[in-house]
Chemist: 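Below you'll find the structure I mean.
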Amino acid sequence: MLTSAPPVAPSTADEDEWLWGWDPTPGIVSVWAEPDGTAMIWRREPSTNALLRESARFKPWLLLDQLEDLAHLGQRLVRAHATQQPAPMQVTYRELDGPGALRFLVSAEHANTLSTAVLTGATRRLGHRVGHLRELGPEAVLVLPPEEQYLVSTGRTYFRDLTFDQLVRLQFDLETTGLDAERERMFMVAVRLPSGATQVLEAANESDAAEAQLIKQLVDTIHSADPDVIENHNLHGFDLPFLDTRARKLGVSLSLGRIHFNGLKQRAARRGAPSATDAKRRVRFVAPGRELIDTLDAVRRYDFSTRELPGHGLKAVARHLGLAGPNRELIRGDQIYETYKRDPDRVRRYATADVDEVAGLARMLGGAAFALARMAPRRYERLADAGAATGVIDPLLVRAYLRAGMALPAHADGDGTTHSGAALHLFATGVAQRVVKADVASLYPSLMRAFRIGPARDHLGALLALVDRLVETRLAAKANARAAPVGSAERYTHEAMSAAMKLVVNSAYGYLAAGGGLTRFADVHAANDVTRRGRETLDFMCRELATRGVTLLEADTDGVYFTVPESWTEINERRVVTEVAALLPPLVQLEFEGRYAAMLSHQPKNYALLGYDGILVLRGVAFRSSRAEPYGETFLRAAIACALRNDVVGVRAAYLNTVQALQARALPTLAVSSRVRLTKSPSRYLETRHVRREFAYEAMLASGRTSWRVGERVRVYRTKHRGGVVTEFDDEAVVSEQTDARDYDVPYYIRLLRTSFAERLVTAFTPSDFATVFADTQQLPLFVSALDDIRTVLSSPMQAKIASR
DNA sequence: TCATACCGGGG
DNA sequence: GTGTACGGTATGA
């Protein structure tokens, strides 16, 4: 059980245990525990990869804020003694040290003994029936799922001494006649076996019996492959709920786990499918003995820090990450079944590509959750979809406190103090040459460490200790990754560890700042202390840089863009960053992040950067919008690239060329079309059409499209009097040149070019020069020479406009 | 027009 | 018995 360690001055060894647990049992790949105190553990022997199944006993436990509710047990309530074997119906307790509210650690042989005893006492005390422990509130009781009780009390974690590639993983992907499991059915399942071989299971016909047979085949395939992990993209949002519904309707037993249950188990989850019994609740399915991993979760977590993915769909992500083959079969979702009837091989290739890409994706992005599962006392599949703050840090803290024999604070509401945010300064707008970006890596956790800012109620100092250890572990993992051969499992493991550490470290501040009593140790004062020091640090950096002769452009939270004098070389640029870095506290590391040939500073968080390699990067909503017409974006990129090189003639040429291309109708209709989503059904639109006409629907009707799906994305464009539609295939618009009428409204699109797109260069010139550069096309001859004198400008008219978030 | 509610994904 | 993203878009006052 939970052995006691000295509650003060934790040693390095204690902190290791807080981070990693303490039981060395290797190779755990799944855990299933029951309220009766039995736990089933599946392990892979790291040296042989053989699967072992072990059963164990544990004592279910929970934490209470008082013992009053258990007084009615009389003799059955006993103080815990390490040596004494408790009797079956006994409840043992131990009072923990420290000031925390949740201070009584209570346990029994069966969880039901515990909960019944507490509920009986609470019912008597409160004078009304208390039917469930959660009714007592988190300030009065802490009870974890059985697996987590087991992992916390034993100090075990998943995957010790195992690499990701030692996991036995299977991927499957359903192909169905539609999205609604109530009305549609499955007709195909692509399976990728742990060996990497793929197979396609198919229903023989459209009958119930054939679909039932397909489900049985899938279940058999999974059982004979016996994977530790089952993966798919949106597994919990689509495949499992669909499968569950179909199996119920068809009366087929859906037993996907290693313990036979009739059907899948469920757990509450924020991101899951609506529960069949209560539509307000969301659930995820559980198959005991296996871990059900949704690559969509890994994608979200990845994109959360990188923000580079075009979308989170499997095809888009696989393409972006280089996992998609060159001849990847693509079929629009609503055409899959139709295609299957005509050309089944095409759908087989499509579905097989899906499972292959999922396997690649899971390996590429799943390592972070794998690494977390080696630390935190939760199931792998829980850590794969958990938020870092409550999902990872809180379980680590709970385990640390119990290990130290310390009482845990209960969740507490804030005192009404509002949370203050980061600093954002726009110092100058327009075009700057020789731009440098300097930033502080992981500013907030660094400030927490440097100034020892932790939650006031964390008397054990566990959060700061964890952040310290996580940062150290991350640095070691990064070094190990660099030392390992490229592409090796070892390198991959270290990189995944580093990514996982970064995730948790960066959420430590979020944990502190979480409002509404969401996290156990939330502390708005500490969080404000962090952001205040963050603002001070940013302001200090800006001042110190400015006194060293640079011109500040924009500063946001933890980084600053500035431009340097013409005479400076990269050596000077780096020196000024190093000098300022030396003035900051040791753990707050200002880094030279990059240098650019030029920058167009438009609005806060909206700018363009031209690299010395000639690559132009646009940031911010002003420059990137999914609705923007492609011709405008093309123009904007060309014009900005010229402006950043001070090629004013080029800017003018880009403008004129676009105008002329429009006038000559040289641009395909696709180039002037805008992406919209149809959210009203045809009948719903027709109801309101006489009151208010909406362009997108009018364009559909004008193109003879009288039926569409709600949610369908189309590209629409304007003609002289009405509108037209270019249909879209997935994310890539496909239009046939022969059918392209190019009947778009030329004056409208010329106007749009000027008022919407050219406008985004307004800060690059003085007002009169701007008017000249984008003057009416007829006046061209007048202005050719006038352009020679025009230079881009950088201005700071507003006295360093300061905004606060 | 501005605030707020909702979505992201899957066939 | 969950977990508080965030930026874009849809909808309603």
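Letters A, B, ... mirror the listed sequences (proteins, then strands); counts begin at 1.
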Chemist: Using atom CG of A:Asp239 as one end and atom C1' of B:dG11 as the other, report the distance to the nearest whole Å.
Modeler: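 These atoms are roughly 10 Å apart.
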
Chemist: Has the side chain of A:Glu357 got a donor or acceptor atom that lies under 3.5 Å from a matching backbone atom of A:Ala318?
Modeler: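 Absent.
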
Chemist: Nearest whole angstrom, please: distance from the C1' of B:dC6 to the CZ of A:Arg282.
Modeler: 11 Å

Chemist: Between A:Tyr350 and A:Arg271, name the one whose nearest nucleotide on DNA chain B is closer to the 5' end.
Modeler: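 By nearest-heavy-atom nucleotide position, the 5'-most residue is A:Arg271.
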
Chemist: From the set C:dG3, B:dG11, B:dG9, return the single nucleotide nearest to any side-chain atom of A:Asp385.
Modeler: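 Selected nucleotide (nearest to the side chain): C:dG3.
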
Chemist: For C:dG3, does OP1 or OP2 lie under 4.0 Å from any side-chain N or O of A:Arg382?
Modeler: yes

Chemist: Take the protein atom CZ of A:Arg332 and the nucleotide atom P of B:dG10, then report the distance between them rounded to whole Å.
Modeler: 15 Å

Chemist: When we call it a touch if two heavy atoms are under 4.0 Å apart, what does A:Thr176 touch: a base, just sugar-phosphate, or nothing?
Modeler: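 Counting heavy atoms under 4.0 Å across all strands, the contact made by A:Thr176 is with sugar-phosphate only.
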
Chemist: Could you state the atom-to-atom distance from CG of A:Leu243 to C1' of B:dG10 in whole Å?
Modeler: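 In whole Å, B:dG10 C1' lies 14 Å from A:Leu243 CG.
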
Chemist: The side chain of A:Ala268 lies closest to which of these nucleotides: C:dT2, B:dG10, B:dG11?
Modeler: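 In terms of side-chain proximity for A:Ala268, the closest of C:dT2, B:dG10, B:dG11 is C:dT2.
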
Chemist: Could you tell me how far apart A:Leu296 (CG) and B:dG11 (P) are, to the nearest whole angstrom?
Modeler: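 Rounding to the nearest Å, CG of A:Leu296 and P of B:dG11 are 12 Å apart.
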
Chemist: Expressed as a whole number of Å, how far does the P atom of C:dT2 sit from that of B:dG9?
Modeler: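 It comes out at 26 Å once rounded to the nearest Å.
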
Chemist: Can you tell me, in whole Å, how much space there is between the C1' of C:dA5 and that of B:dG8?
Modeler: 12 Å

Chemist: How many Å lie between CZ on A:Arg301 and C1' on C:dC6, as a whole number?
Modeler: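 About 17 Å, once rounded to whole Å.
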
Chemist: On the ring face of A:Tyr350, is A:Arg328 found with NZ or CZ under 6.0 Å from the centre and within 45° of the axis?
Modeler: yes

Chemist: Would you mind reading off the distance between A:Asp173 atom CG and B:dG9 atom P, rounded to a whole angstrom?
Modeler: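 About 16 Å, once rounded to whole Å.
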
Chemist: Does any N or O in the side chain of A:Arg346 come within less than 3.5 Å of the main-chain N or O of A:Leu330, such that one atom is a donor and the other an acceptor?
Modeler: yes

Chemist: Here's a test for you: under side chain to side chain donor-acceptor pair (under 3.5 Å), which of A:His233, A:Gln171, A:Lys315 qualifies with A:Asp354?
Modeler: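 It is A:Lys315, the one option of A:His233, A:Gln171, A:Lys315 that forms the side chain to side chain donor-acceptor pair (under 3.5 Å) with A:Asp354.
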
Chemist: Quickly work out the A:Glu211 CD to B:dG11 P distance and round it to whole Å.
Modeler: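 Nearest whole value for this atom pair: 16 Å.
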
Chemist: Specify the closest pair of heavy atoms between A:Leu309 and A:Val299, including all atoms of both residues, with the distance to one decimal.
Modeler: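 Looking at all heavy atoms of both residues, the shortest contact is CD1-CG1, 3.6 Å.
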
